[in-house]
Amino acid sequence: MTTIALVTGLIMLVLAYFSYQYIASVYDRGRILPALGFEIWWIYIWVPLGFAITGIQYGLTVYKNLTSPDVYLSAGVLDGYAETESEV
């Protein structure tokens, strides 16, 4: 689980970097939406932000798995099954 979270987190941070580069190029062009009147880069700025937050979350999962004897799916979700059975 640690390896999966580490590789996925690194991929997310690399995608955040490349998407930021794209946003910078769109910003330099200075295009404006004709109907709304604001710059186009405001629409795309959420992509690198989401990638960065996701990469940080995976980094926290790696840290939690390295410092804890249990296996965690995320920083707050422990891997495992419930003790009680439930009928479907």
Side-chain angles (χ1 to χ4, degrees):
M1 189 63 198
T2 304
T3 305
I4 292 170
L6 180 66
V7 170
T8 306
L10 289 175
I11 290 171
M12 290 295 127
L13 292 175
V14 167
L15 287 173
Y17 172 75
F18 285 126
S19 62
Y20 174 78
Q21 294 295 328
Y22 177 73
I23 299 298
S25 71
V26 170
Y27 178 80
D28 288 339
R29 292 184 192 135
R31 291 182 54 199
I32 296 176
L33 290 170
L36 299 175
F38 61 86
E39 295 180 356
I40 292 178
W41 68 271
W42 280 104
I43 295 172
Y44 300 133
I45 194 66
W46 309 111
V47 175
L49 188 64
F51 280 138
I53 291 171
T54 305
I56 292 168
Q57 183 66 36
Y58 276 111
L60 291 172
T61 303
V62 169
Y63 177 76
K64 185 72 170 185
N65 280 319
L66 289 176
T67 59
S68 175
D70 296 325
V71 177
Y72 283 84
L73 298 176
S74 71
V77 178
L78 183 65
D79 186 22
Y81 296 101
E83 294 290 327
T84 60
E85 290 185 25
S86 62
E87 243 179 83
V88 178

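This one's a predicted model, so the numbers in the text were calculated from it and none came from an experiment. Side chains are part of it too, since the values below use all heavy atoms of this structure and drop only hydrogens, waters and symmetry mates.
Thr3 is not listed as a side-chain neighbour of Val62, based on a closest heavy-atom distance of 4.5 Å or more. Counting heavy atoms from C-beta on, the side chains of Phe38 and Ile43 come closer than 4.5 Å.
Following chains of ILVMFWY side-chain contacts shorter than 4.5 Å, one can reach Ile53 starting from Trp42, so the two form part of one hydrophobic cluster. Cluster annotation: Leu66 and Met1 are assigned to distinct hydrophobic clusters (Ile/Leu/Val/Met/Phe/Trp/Tyr, side-chain heavy-atom contacts under 4.5 Å, transitive). Cluster membership for Val14 and Leu6, using ILVMFWY side-chain heavy atoms within less than 4.5 angstrom, is not shared. Tracing side-chain contacts under 4.5 Å through hydrophobic residues (I, L, V, M, F, W, Y), one never reaches Leu36 starting from Ile32; they form parts of separate clusters. One hydrophobic cluster, built from ILVMFWY side chains closer than 4.5 Å, holds both Val26 and Ile45.
Side-chain N or O atoms of Ser19 include one that pairs as donor or acceptor with a backbone N or O of Ala16 at under 3.5 Å. In this structure, Ser25 contributes its side chain and Tyr22 its backbone to a donor-acceptor pair below 3.5 Å.
Here the closest non-hydrogen pair linking Tyr44 and Ile23 is CB-CD1, 2.9 Å. Nearest heavy-atom pair across Phe51 and Met12 is CB-O, 3.5 Å. When all heavy atoms are compared, the tightest approach of Thr61 to Ala5 is CG2-CB, 4.1 Å.
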